[in-house]
Q: 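Dumping the structure here so I can ask a few things about it.
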Number of protein chains: 2
Amino acid sequence: MLSIGDLSKRTGVKVPTIRYYEQMGLMGAAERSEGNQRRYERTDLERLAFIRHARDLGLDIPAIRDLIALSRHPEMPCVDADRIAADHLSAVREKIAKLQRLEHELERIISHCDGHSIEDCYVIRALSDHGLCDGEH
Amino acid sequence: MLSIGDLSKRTGVKVPTIRYYEQMGLMGAAERSEGNQRRYERTDLERLAFIRHARDLGLDIPAIRDLIALSRHPEMPCVDADRIAADHLSAVREKIAKLQRLEHELERIISHCDGHSIEDCYVIRALSDHGLCDGEH
DNA sequence: ATAATTCCTCTAGTGACTAGAGGTTCAAGA
DNA sequence: TCTTGAACCTCTAGTCACTAGAGGAATTAT
């Protein structure tokens, strides 16, 4: 049996975060010691690693909750799990595209600046006057 | 003189957001009518457009506050303004790189899934077992 | 036995807004 | 001039995924 601190050390997930995951229904109520402290087993370790991994991939808590629910029904087809991942992938792609537009706009603004005075600063001027922009943000 | 609603319509910034910008020190306290309602002038319209534009480019409120402060000193050199933009650009590039790593990992996970049962679902398996991953997230 | 560490719950803070309650002022038509 | 309805005011609380801290109880090590 592991304490919450042990679990934390082994997974790299901070103690308050583990409690937060429990509260959000990702971890399930842990057993308790006589003195009301959480005790975990090996399966909890795996579960937490699963959650952490999914979070690292950027999945949000409701999505992870869904994946956990699905993983409890091994006989079901996995289209739902695929869809969660695919939806997330397209969201990630959209974010990338958006950030790339920003990147280009910022590059352009910075490169036009001659570095002299604020008065002539292209950074400030471009922010003041949307007409100086390239894109359509 | 414009009411806050007029300002909102002309800039596309929602009314509560304008009040929020005032609270955050981006907008400066507006004049008030006899009945305590905010009244704006043409310069406020430009200021708000500046803020909105900077936000669209992803700059955060402290950065925008700094840029506004700088824009009030037209004779100063603009290295500071450039640096704010350049710092933001590198932050944007880091985000892009991170998201691209996610993109590839998600693509890989999804493409490996045969779409049959949860039991064999690569999405679920990859989340459970970090060893199946390519990258080092 | 005592001290140090870890644990418990609960509340509040992060950023950039957004939504709503409860009440006041304004502008336009009768 | 009066009335109605829209727009305005302030203040509080909610969003997301945590993180930090208070104040106190349990556990572990010496």
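So you know, we letter chains A, B, ... as the sequences are listed, proteins then strands, and number each from 1.
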Q: Hey, can you pull the residues of residues 84-92 of chain A with a non-hydrogen atom under 4.0 angstrom from DNA chain D?
A: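 Per residue number, the list is empty: none.
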
Q: Can you tell me how far C1' of D:dA17 sits from CD1 of A:Ile51, to the nearest Å?
A: 13 Å

Q: May I ask you to decide if A:Asp60's main-chain N or O and A:His88's side chain share a donor-acceptor pair within less than 3.5 Å?
A: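 Not a single qualifying donor-acceptor pair exists.
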
Q: Do the side chain of A:His53 and the main chain of B:Leu127 share a donor and acceptor less than 3.5 angstrom apart?
A: yes

Q: Could you tell me the separation between the CD atom of A:Glu34 and the P atom of D:dA25, rounded to a whole number of Å?
A: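 From A:Glu34 CD to D:dA25 P: 18 Å.
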
Q: Sub-3.5 Å donor-acceptor pair from the side chain of B:Ser8 to the main-chain atoms of B:Ile4, do we have one?
A: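 A pair under 3.5 Å: no.
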
Q: Looking only at the side chains, is there a donor atom on one of B:Arg47 and B:Tyr40 sitting less than 3.5 Å from an acceptor on the other?
A: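 Short answer, no.
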
Q: Measure across A:Ala81 and B:Ile118 and return the closest heavy-atom pair with its distance rounded to 0.1 Å.
A: CB-CD1, 4.4 Å

Q: Let's see if you get this right: which residues in residues 93-100 of chain B place a heavy atom under 4.0 Å from DNA chain D?
A: none

Q: Measure CG/A:Leu48 against P/D:dC18 and give the value in whole Å, please.
A: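 That distance rounds to 11 Å.
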
Q: Heavy-atom count around A:Arg32 CZ within 6.0 Å, excluding the residue itself: above 12?
A: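 Yes.
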
Q: Verify the contact: side-chain N or O of A:Ser33 to OP1 or OP2 of D:dT27, cut-off strictly under 4.0 Å; return yes or no.
A: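 Yes.
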
Q: Could I get a table of every N or O pair under 3.5 Å where one atom is in the protein and the other is in nucleotides 13-17 of chain C?
A:
| from | atom 1 | to | atom 2 | distance (Å) |
| --- | --- | --- | --- | --- |
| C:dA16 | O3' | B:Arg55 | NH2 | 3.4 |
| C:dC17 | OP2 | B:Tyr21 | OH | 2.9 |
| C:dC17 | OP2 | B:Arg55 | NE | 2.6 |

Q: Strictly distance-based, threshold 3.5 Å: is any side-chain N or O of B:Arg55 a donor or acceptor partner for the main-chain N or O of B:Leu59?
A: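 It does hold such a pair.
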
Q: Do nucleotides 6-13 of chain D as a string where each nucleotide becomes B, S or -: B if the base has a protein heavy atom under 4.0 Å, S if just the sugar-phosphate does, - if no protein is that close.
A: --SSB---

Q: Give a yes or no on whether a salt bridge exists between B:Arg10 and B:Asp6, defined as a side-chain N under 4.0 angstrom from a carboxylate O.
A: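 Salt bridge absent between B:Arg10 and B:Asp6.
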
Q: Can you list everything that forms a side chain to side chain donor-acceptor pair (under 3.5 Å) with B:Arg93? Sequence neighbours excluded, please.
A: A:Glu103, A:Glu107

Q: Quick one: A:Ile18 CD1 to C:dT6 P, roughly how many Å, whole number?
A: 14 Å

Q: Donor-acceptor pairs are to be reported for all side-chain atoms of residues 62-79 of chain A against protein atoms at under 3.5 Å, with residues two or more places apart or in another chain.
A:
| from | atom 1 | to | atom 2 | distance (Å) |
| --- | --- | --- | --- | --- |
| A:Arg65 | NH1 | A:Met24 | O | 2.3 |
| A:Ser71 | OG | A:Ile68 | O | 2.8 |

Q: Between A:Thr17 (side chain) and A:Val13 (backbone), is there a donor-acceptor pair under 3.5 Å?
A: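 Side chain of A:Thr17 to backbone of A:Val13: no pair is present.
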
Q: On a heavy-atom basis, which atom in B:Ile124 and which in A:Phe50 lie closest, and how many Å separate them?
A: O-CE1, 3.8 Å

Q: Once you round it to whole Å, what is the distance between C1' of D:dT27 and CG of A:Leu2?
A: 16 Å

Q: Thinking salt bridges, do A:Glu22 and A:Arg19 make one under a 4.0 Å N-O criterion?
A: no

